[in-house]
Amino acid sequence: MAWLKDAADAAAILDSYHAASVSGDAPVLRQPPIGPLLRRLDARRLLSEGGLSGDRLAAFLEEALNASTRLHHPGYMAHQAASPTANGAIASLIDGAINNPMNIYEMGAFAAALEHVCVNWMLEKAGWRPAADGKDAGPPPPSDGEPIGGGLLTHGGSLANLTALAAARARIAPEAWVEGCPDDLVILAADESHYSVSRAAGLLGLGARRVRALPASADGRADPERLPQSVARIRDSGERVMALISNACSTAAGLYDPVAEISSFCREAGIWHHVDGAHGASALLSPKYRGCLNGLRQADSLTWDAHKMLRVPGVCAAALFRDRADIDRAFIQQGSYLFHEKDEPGVDFISRTVECTKSALGLKLFMTIAEQGEGALGAYIESRIDLARAAAEMIAASPDFEIAVAPESNIVCFRMKDADDAQQLRIRRALLEGGRFFPSSTEFMGRRWLRLALMSETTRLDHIAALLDEIRAIRSDF
Ligand SMILES: *Cc1c(COP(=O)(O)O)cnc(C)c1O
């Protein structure tokens with residue numbers, strides 16, 4: 001491949017891009033109209049004629065990056081996407097260059113080995129027993145009753161939730177795979193749950209209507225006191241609870257459900273407990289905040305996104321199981337060219353995944369953790385949560401602003417007091433046009449909020465003070 005110069009040029013352009021992002025000199029996002037953008041990129045002509053290399057590639061890249069969102073920018077506070085490190089980018093390049101679809105060991109031994117070691121690392125963080133190196137199947141656990149955990153990396157948390165719920169369905173209704181889903185299964189999940197939960201219910205054949213509301217307090221957090229009553233009511237009506245999902249943390253406001261109480265209830269009631277930690281499970285790396293997930297050890301499964309707080313470029317998430325037997329019966333597969341007894345020195349993940357071809361997700365995750373070390377990664381996570389708490393205190397102390405709830409993660413919901421719901425959105429639009437700050441927005445407890453997900457490692461409290469000033473200036477123009 002004649003690519004050394006192109007790759008070096010691209011790396012140099014990305015390096016300046018990164019510098020302009022962290023300094024805050026460039027706008028945090030640009031959304032040019034799509035028609036003129038495609039013309040500037042000369043996209044149509046390039047598609048038919050080719051020739052995108054050398055100087056044309058460099059020019060194209062400069063133009064393209066001008067219409068991007070800068071996740072390393074101190075004003076980036078919008079959606080839960082990682083601010084990637086250098087090694088994550090390099091891993092993506094390696095993955096693209098060698099293209100090893102590593103779901104079977106023979107198609108990518110090192111990537112499969114790294115997925116195996118990363119899954120074990122995550123299992124340990126969750127308090128579950130990892131498999132011995134290289135042994136993802138095999139003899140039953142030692143006799144202390146604690147099973148050997150298992151898991152896999154998936155292209156995203158939505159797929160991890162679907163995978164965990166498929167495993168839950170296989171436990172309660174093993175016949176569903178062949179016969180179709182029985183009509184008495186329900187899922188218990190809070191209204192604040194991520195939409196991928198109701199999608200999974202649709203895809204698994206329960207139907208989104210069978211997601212029943214978990215009793216919750218006003219802030220959307222599950223209320224374990226009322227759980228026994230809800231489950232009794234469901235059971236009295238002849239239905240069975242296939243799984244109960246708790247948020248760790250919720251997407252809108254970043255609040256953690258009381259995982260410990262829910263877990264012990266589920267254990268006693270014989271209900272599969274899935275913890276959706278897509279965003280918030282990364283707190284496990286922080287000694288200060290890992291208590292938010294107390295009780296996780298008792299749960300059955302966990303979704304944990306690496307492309308949110310672990311700084312890994314998309315898409316990389318994990319579906320983890322306390323007992324690997326649970327994931328090993330989730331899928332019943334056919335395909336004699338892939339699934340057969342092999343005499344090989346490694347592990348196949350393919351029997352545990354929705355995907356057939358899968359990129360080297362373990363490589364991206366491994367190279368990111370191994371660049372930083374888990375201590376520095378934990379310190380980054382802790383610093384973002386600390387910042388959210390300090391920001392919320394500062395906002396709550398300003399007479400013209402209010403916060404929705406005290407933050408528990410790196411997410412803060414707030415609004416200008418002297419503005420209605422529609423005006424909060426107008427404020428956001430003006431901020432985006434200004435290009436210095438990029439917050440998101442959400443509905444929560446019946447009202448519209450500006451929402452900060454503090455993902456960028458460069459954001460400081462004085463940036464948030466400057467954001468409040470800019471909002472005041474915008475509001476005075478209404
Ligand atoms: C982000 C998120 C998801 C979805 O994960 P993707 O990786 O975006 O598919 C699911 N649940 C929660 C709680 C999340 O924060």
Side-chain angles (χ1 to χ4, degrees), residues 69 71 77-84 88 122 126 151-166 168 187-204 208 211 214 216 219-222 243-259 262 273-284 292-293 296 299 301-320 353-355 358-359 361 364-365 368 381 384-385 388 407-413 440-444 451-455:
T69 302
L71 276 75
M77 306 163 173
H79 302 285
Q80 295 145 274
S83 161
M122 292 173 121
L152 63 144
L153 299 179
T154 65
H155 289 94
S158 302
L159 210 45
N161 278 343
L162 174 66
T163 305
L165 290 171
I187 292 172
L188 263 176
D191 289 338
E192 283 294 321
S193 294
H194 190 262
Y195 70 83
S196 56
V197 169
S198 66
R199 280 199 180 173
L203 288 166
L204 288 168
V211 181
L214 197 61
D219 59 10
R221 218 192 302 252
L244 186 154
I245 297 167
S246 55
N247 290 316
C249 52
S250 63
T251 307
L255 299 180
Y256 285 84
D257 282 343
V259 174
I262 296 175
H273 182 199
H274 175 63
V275 177
D276 185 354
H279 182 79
S282 294
L284 289 168
C292 292
L293 290 127
L296 174 63
S301 54
L302 171 70
T303 290
W304 181 356
D305 277 12
H307 62 231
K308 287 182 175 168
M309 290 304 284
L310 290 187
R311 307 199 62 184
V312 177
V315 188
C316 181
L320 303 165
T353 59
V354 176
E355 302 105 310
K358 183 170 113 178
S359 58
L361 305 181
K364 295 198 228 181
L365 177 52
T368 303
I381 292 157
R384 298 306 81 190
I385 304 174
E408 295 181 340
S409 66
N410 60 329
I411 296 173
V412 186
C413 293
S440 55
S441 148
T442 188
E443 272 186 27
F444 178 61
R451 173 178 176 274
L452 309 180
L454 300 171
M455 308 296 292

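All ligand and atom numbering here is 1-based and tracks the order in the structure.
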Run the numbers for me: atoms of ligand 1, each under 4.0 Å from some heavy atom of [X], listed by number.
X: Asp305; answer: 5 (O), 6 (P), 7 (O)
X: His307; answer: 7 (O)
X: Gln80; answer: 15 (O)
X: Gly156; answer: 7 (O), 9 (O)
X: His279; answer: 15 (O)

Derivation of the side chain to side chain contact (heavy atoms under 4.5 Å, CB included) call for Asn161 and Asp276
CA-CA 7 Å; Asn161 278 343; Asp276 185 354; 3.1 Å; yes
Can you find a non-hydrogen atom of Cys249 under 4.0 Å from ligand 1?
yes
Would Thr251 count as a contact residue for ligand 1, given that I'm defining contact as a non-hydrogen atom of the residue lying under 4.0 Å from a ligand atom?
yes
Give the residue and atom name of whichever protein heavy atom lies nearest to [atom], and the separation in Å to one decimal.
atom: atom 4 (C) of ligand 1; value: His194 CE1, 3.3 Å
atom: atom 6 (P) of ligand 1; value: Gly157 N, 3.3 Å
atom: atom 14 (C) of ligand 1; value: Lys308 NZ, 2.9 Å
atom: atom 11 (N) of ligand 1; value: Asp276 OD2, 2.7 Å
atom: atom 9 (O) of ligand 1; value: Ser158 OG, 2.7 Å

Could you check whether Ser440 and His79, counting side-chain N and O atoms only, form a donor-acceptor pair closer than 3.5 Å?
no
Check whether His307 reaches the backbone of Val315 with its side chain - one donor and one acceptor, N or O, closer than 3.5 Å.
no
Quick one: does any side-chain atom of Thr303 pair with a main-chain N or O of Ala278 as donor and acceptor, under 3.5 Å?
no
Under the side chain to side chain contact (heavy atoms under 4.5 Å, CB included) rule, what do Leu310 and Thr368 come out as? Steps first, then yes or no, please.
CA-CA 8 Å; Leu310 290 187; Thr368 303; 6.0 Å; no
Is any side-chain heavy atom of Ser282 closer than 4.5 Å to one of Lys308?
no
So do the side chains of Leu255 and Glu192 get within less than 4.5 Å of each other, counting heavy atoms only?
no
Step by step, work out the side chain to side chain contact (heavy atoms under 4.5 Å, CB included) result for Met77 and Val412.
CA-CA 10 Å; Met77 306 163 173; Val412 186; over 6 Å; no
